[in-house]
Amino acid sequence: MEDQEMQMKVRRVTDKFTESMYVLANEPSVALYRLQEHVRRSLPELVQHKTDMQSWEEQSQGAIYTVEYACSAVKSMKNSSVYFKNMDSLLCQAISMKEQINNSQGRRKRTVDPAMLKEGGEKHSSAI
């Protein structure tokens, strides 16, 4: 009986040992299989997120470039106030000179017209 009992105990020990070896041998495979399953399920969503983020980054870079360009334009306009002041003074001078020219032509017409009327009675187109 002891022999049978010993054989049963040995068989149980070897069965448990075999089972443990089987689990240890297959555990990495099961883990890798589960990992592969997870990657297959979540990868398309991750790829979509990546493309969305790249698109948002491109849009953001475009907006940043636009804002920086606008800021530099405003700064350059701020620096050009000196030129606008010069143009303003030049325009004022031009208007003043034009008024002086108009006034002097008006005086000439007045002084020339009565004399022309007395002499010939005709107006010349060059005097007008």
| said: Run the side chain to side chain contact (heavy atoms under 4.5 Å, CB included) test against Glu68 and tell me which residues pass, sequence neighbours left out. | reply: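 Expected list: Ile64.
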| request: Indicate yes or no: at least one non-hydrogen side-chain atom of Ser96 is less than 4.5 angstrom from one of Gln100. | output: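 Yes, close enough: below the 4.5 Å cut-off.
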| request: Side-chain contact test, heavy atoms from C-beta onward, threshold under 4.5 Å: evaluate it for Asn102 versus Gln105 and give yes or no. | output: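 Yes - at least one pair of side-chain heavy atoms lies under 4.5 Å apart.
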Other cluster members, [X] - Ile/Leu/Val/Met/Phe/Trp/Tyr, side-chain contacts below 4.5 Å:
{"X": "Met87", "result": "Phe84"}
{"X": "Tyr83", "result": "none"}
{"X": "Leu90", "result": "none"}
{"X": "Met53", "result": "Trp56"}

| Going by atom types alone, do Asn103 and Glu99 pair a side-chain donor with an acceptor below 3.5 Å? |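 Absent: no donor and acceptor within the cut-off.
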| task | Just grab all the side-chain hydrogen bond (donor to acceptor under 3.5 Å, both in side chains) pairs involving residues 30-39, residues at least two apart or on different chains. | result |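 For residues 30-39, and leaving out neighbouring residues, the side-chain hydrogen bond (donor to acceptor under 3.5 Å, both in side chains) pairs sorted by first residue read Tyr33-Glu37, Arg34-Glu37.
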| request: Look only at the side chain of Thr66 and the backbone of Gly62, and say whether a donor-acceptor pair between them is shorter than 3.5 Å. | output: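 Looks like yes, one N/O pair under 3.5 Å.
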| task | Carefully, step by step, assess Asp3 and Gln7 under the rule side-chain hydrogen bond (donor to acceptor under 3.5 Å, both in side chains). | result | CA-CA 6 Å; Asp3 232 7; Gln7 282 181 354; 5.1 Å; no
Measuring from atom [atom1] of [X] to atom [atom2] of [Y], what distance do you get when rounded to the nearest 0.5 angstrom?
{"X": "Thr14", "Y": "Lys16", "atom1": "OG1", "atom2": "NZ", "result": "11.5 Å"}
{"X": "Gln61", "Y": "Glu58", "atom1": "CD", "atom2": "CD", "result": "9.5 Å"}
{"X": "Asp88", "Y": "Gln93", "atom1": "CG", "atom2": "CD", "result": "10.5 Å"}
{"X": "Ser80", "Y": "Asn86", "atom1": "OG", "atom2": "CG", "result": "11.0 Å"}

